[in-house]
There are 2 protein chains.
Amino acid sequence: MTDLELEKFKRVLNDENLKLTPQRVEVFREVCNSDEHLEAEEIYLSLKQRKVNISRATVYRTMDILYQHDLVQRMDIGDGKWRYEHWLDCHQHDHLICIRCGTIVEFVSHQIEEIQQDVADKFNYKLLRHVHQLFGLCKQCRKTPMSVI
Amino acid sequence: MTDLELEKFKRVLNDENLKLTPQRVEVFREVCNSDEHLEAEEIYLSLKQRKVNISRATVYRTMDILYQHDLVQRMDIGDGKWRYEHWLDCHQHDHLICIRCGTIVEFVSHQIEEIQQDVADKFNYKLLRHVHQLFGLCKQCRKTPMSVI
DNA sequence: CTCTCATTTGAGACTCATTCTCAATGAGAA
DNA sequence: TTCTCATTGAGAATGAGTCTCAAATGAGAG
Ligand SMILES: [Mn+2]
Ligand SMILES: [Mn+2]
Ligand SMILES: [Zn+2]
Ligand SMILES: [Zn+2]
C-alpha cells in the first residue's frame, strides 16, 4: 500500500465523517498487498494469520466503505460470495474464469466498451457500470480428462 | 407452455430416469407462461396464488433440473438470488438493467460474441458461457430526481 | 388392474455469507 | 484532558438455497 493510496482512503473517511482506525487501515493494506480476487473471509483469515485480529464484522464493514467509494473493485462469479481486488494503478477490466481450477485472467476490450455504450444509447439507458465474465476451461484444465476432478 | 415444450421436458426426465410428476409440470408451466425474470420465491408464490401448493424445496429442485438441462436460462444480477426465464423460441441474449426500477431490457450483439471468442482464444481458454450485464438508468428513472426514491 | 419399489414430495432443520445489535471502547475536536 | 459520537467485537439474526427423512406416488412388470 503506497502513501498515495492511504491518503486517498484518509480523504474518503474524512469526507464521510468516518474515523481513521487501525482496523480500517489494516484491512485496506491487506487488500492492496494482494493481487488476487479476495473473499472477505480470506481477508479476515490472512489478517488473523499475521496476528492482526479484526472481527469479521469489521472486515465486511470496511470492504463496504472501500467499495462504495471506489477504492476497490468487487465481483461475484456466481457462487454467492463477493470477491475484492484493489483498484489502484490498474484499469477497469473484465474477467475470464476457468470453471475447473478457478484461474482468473483479466482482459480489456475497447471495442466491447464502445458497443456496450451503443447498446445503452439505443435503449435510452445511461450506462453506469457493467459485469462481463467469460467462463471456460484454461489450457491446463482442457487437457486433463473430466473424470479427474 | 406448448406441447412441444412439454415433450422436451418429458424427454429430459425420461433420459435422466426422473419421473413426470404434476408438481414438476406445474413449475415448468409457471415459468413458461411468464416473460419475466422470476425468482424461485416468485414462482412458489404465483403457484400458491393459483391454489397450486407445491413446496419451496420442490420449486428449487425443479428449477435446478430445468437449468441443468438447458430448458431455462438463469441469471444473477448481484443480489444473491437466481432469476429464471424460459429459454424457448428465444435466443441467447444479455441484459441491460435499470438500477433504479429494475426494468430489464434484452440485447444481442454478434460483434461482442465474436470479440469474446477472440479473447478466449487469445488466452487459450475454451469458452463455455458468459455473463454480460449492463447497469444503468432507464429513460424514466433518469428524469426523476435521485431524492425521490 | 395390481404390485412393487425406487423416486419424489413436503415440512422443517440446516448451511453459510452477510448484516445487525448492543455494550464497551476509542478517535479526535476543542 | 475531556467529551462525544463513531467504531468495534461477539454473537445473534437474516435469508436464499440445500438437506433430511418419513410418507406418498409414478410407472414398469406381471
Ligand atoms: Mn480483476
Ligand atoms: Mn432475459
Ligand atoms: Zn483451469
Ligand atoms: Zn428505471
Side-chain angles (χ1 to χ4, degrees), chain A residues 6-7 9-31 37-48 50-69 72 74-84 102, chain B residues 6-7 9-31 37-48 50-69 72 74-84 102:
Chain A
L6 189 56
E7 283 313 311
F9 191 24
K10 279 186 188 170
R11 208 174 315 132
V12 162
L13 292 174
N14 236 320
D15 291 356
E16 296 281 326
N17 268 323
L18 299 172
K19 291 180 178 170
L20 182 72
T21 65
Q23 288 92 335
R24 283 176 177 163
V25 174
E26 285 298 340
V27 170
F28 189 37
R29 188 202 306 287
E30 196 62 36
V31 182
H37 300 80
L38 299 168
E39 301 165 23
E41 181 70 12
E42 289 177 320
I43 297 169
Y44 168 73
L45 290 174
S46 297
L47 288 165
K48 194 166 203 171
R50 288 198 2 238
K51 307 285 181 207
V52 179
N53 283 299
I54 295 175
S55 72
R56 279 186 180 82
T58 297
V59 173
Y60 278 102
R61 287 186 283 227
T62 305
M63 293 316 299
D64 233 52
I65 295 169
L66 292 170
Y67 173 66
Q68 296 303 332
H69 295 85
V72 299
R74 193 175 82 165
M75 70 187 284
D76 159 21
I77 60 172
D79 62 356
K81 288 180 269 188
W82 290 117
R83 279 153 216 266
Y84 300 90
Chain B
L6 189 56
E7 283 313 311
F9 191 24
K10 280 187 188 170
R11 208 174 313 131
V12 161
L13 292 174
N14 235 319
D15 291 357
E16 295 282 325
N17 267 325
L18 299 172
K19 291 179 179 174
L20 181 73
T21 66
Q23 287 91 336
R24 284 174 177 165
V25 174
E26 286 298 339
V27 171
F28 189 37
R29 189 201 307 287
E30 196 64 36
V31 182
H37 300 80
L38 299 168
E39 301 166 23
E41 182 70 12
E42 290 178 318
I43 298 169
Y44 168 73
L45 290 175
S46 297
L47 287 166
K48 195 167 202 170
R50 290 199 359 240
K51 306 289 180 202
V52 179
N53 283 300
I54 293 174
S55 73
R56 278 187 181 81
T58 297
V59 171
Y60 278 103
R61 287 186 285 228
T62 304
M63 293 317 298
D64 234 53
I65 294 169
L66 291 169
Y67 173 65
Q68 297 303 334
H69 294 85
V72 299
R74 194 176 81 164
M75 71 186 284
D76 160 20
I77 60 173
D79 62 357
K81 287 180 270 189
W82 290 117
R83 280 154 215 264
Y84 299 91

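On a predicted model such as this, the values are computed, not experimentally measured, just so you know. In what follows, chains carry the letters A, B, and so on, assigned in the order in which the sequence lines appear, proteins first and then strands, with residues in each chain numbered from 1.
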OP1, OP2 of [N] versus side-chain N and O of [X]: anything below 4.0 Å?
X     : N      : answer
A:T21 : D:dA6  : no
B:T58 : C:dG10 : yes
B:R24 : C:dT9  : yes

Figure out the [atom1]/[atom2] separation between [X] and [N], and round it to whole Å.
X     : N      : atom1 : atom2 : result
B:L45 : D:dA16 : CG    : P     : 11 Å
B:E39 : D:dG17 : CD    : P     : 8 Å
A:F28 : D:dT7  : CZ    : C1'   : 19 Å
B:R83 : D:dG17 : CZ    : C1'   : 15 Å
A:L38 : C:dA17 : CG    : C1'   : 16 Å
A:L18 : D:dT7  : CG    : C1'   : 10 Å
B:R74 : D:dG17 : CZ    : C1'   : 11 Å
A:N17 : C:dA27 : CG    : C1'   : 12 Å

For the student: nearest non-hydrogen atoms of B:E30 and B:L38, plus distance: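 Between these two residues, the closest heavy atoms are O-CD1, 4.3 Å.
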Heavy-atom closest pair, residues A:T62 and A:F9: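 Smallest heavy-atom distance, with atoms named: CG2-CZ, 4.4 Å.
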Candidates D:dT7, D:dT8, D:dA16 - which lies nearest the side chain of B:K81: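 Of the options given, the side chain of B:K81 lies nearest D:dA16.
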Side-chain contact test, heavy atoms from C-beta onward, threshold under 4.5 Å: evaluate it for [X] versus [Y] and give yes or no.
X     : Y     : result
A:N53 : A:K48 : yes
A:E7  : A:R11 : yes
A:Q23 : A:V27 : no

Out of B:D64, B:L66, B:I65, which one pairs with B:Q68 under the side chain to side chain contact (heavy atoms under 4.5 Å, CB included) rule?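 The side chain to side chain contact (heavy atoms under 4.5 Å, CB included) with B:Q68 is passed solely by B:D64 among B:D64, B:L66, B:I65.
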Looking at A:K19, is its backbone amide N or carbonyl O close enough to the side chain of A:R24 to form a donor-acceptor pair, meaning the two atoms are under 3.5 Å apart?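 It does hold such a pair.
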Looking at B:R56 and B:E41, would you say the former's side chain and the latter's main chain have a donor-acceptor pair under 3.5 Å?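 Between the backbone of B:E41 and the side chain of B:R56 there is no qualifying donor-acceptor contact (under 3.5 Å).
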5' to 3', nucleotides 19-26 of chain C under a 4.0 Å protein heavy-atom cut-off (B base, S sugar-phosphate only, - none) gives BBB----B
Apply the test side-chain contact (heavy atoms from CB on, under 4.5 Å) to residues B:V31 and B:M63: give CA-CA distance (whole Å), side-chain angles for both, the deciding distance (0.1 Å), then the verdict. CA-CA 9 Å; B:V31 182; B:M63 293 317 298; 3.7 Å; yes
So how far off straight is the helix from C:dC1-D:dG30 to C:dA30-D:dT1, going by the axes through five pairs at either end, to 10°?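 Between the first-five-pair axis and the last-five-pair axis there is 30°.
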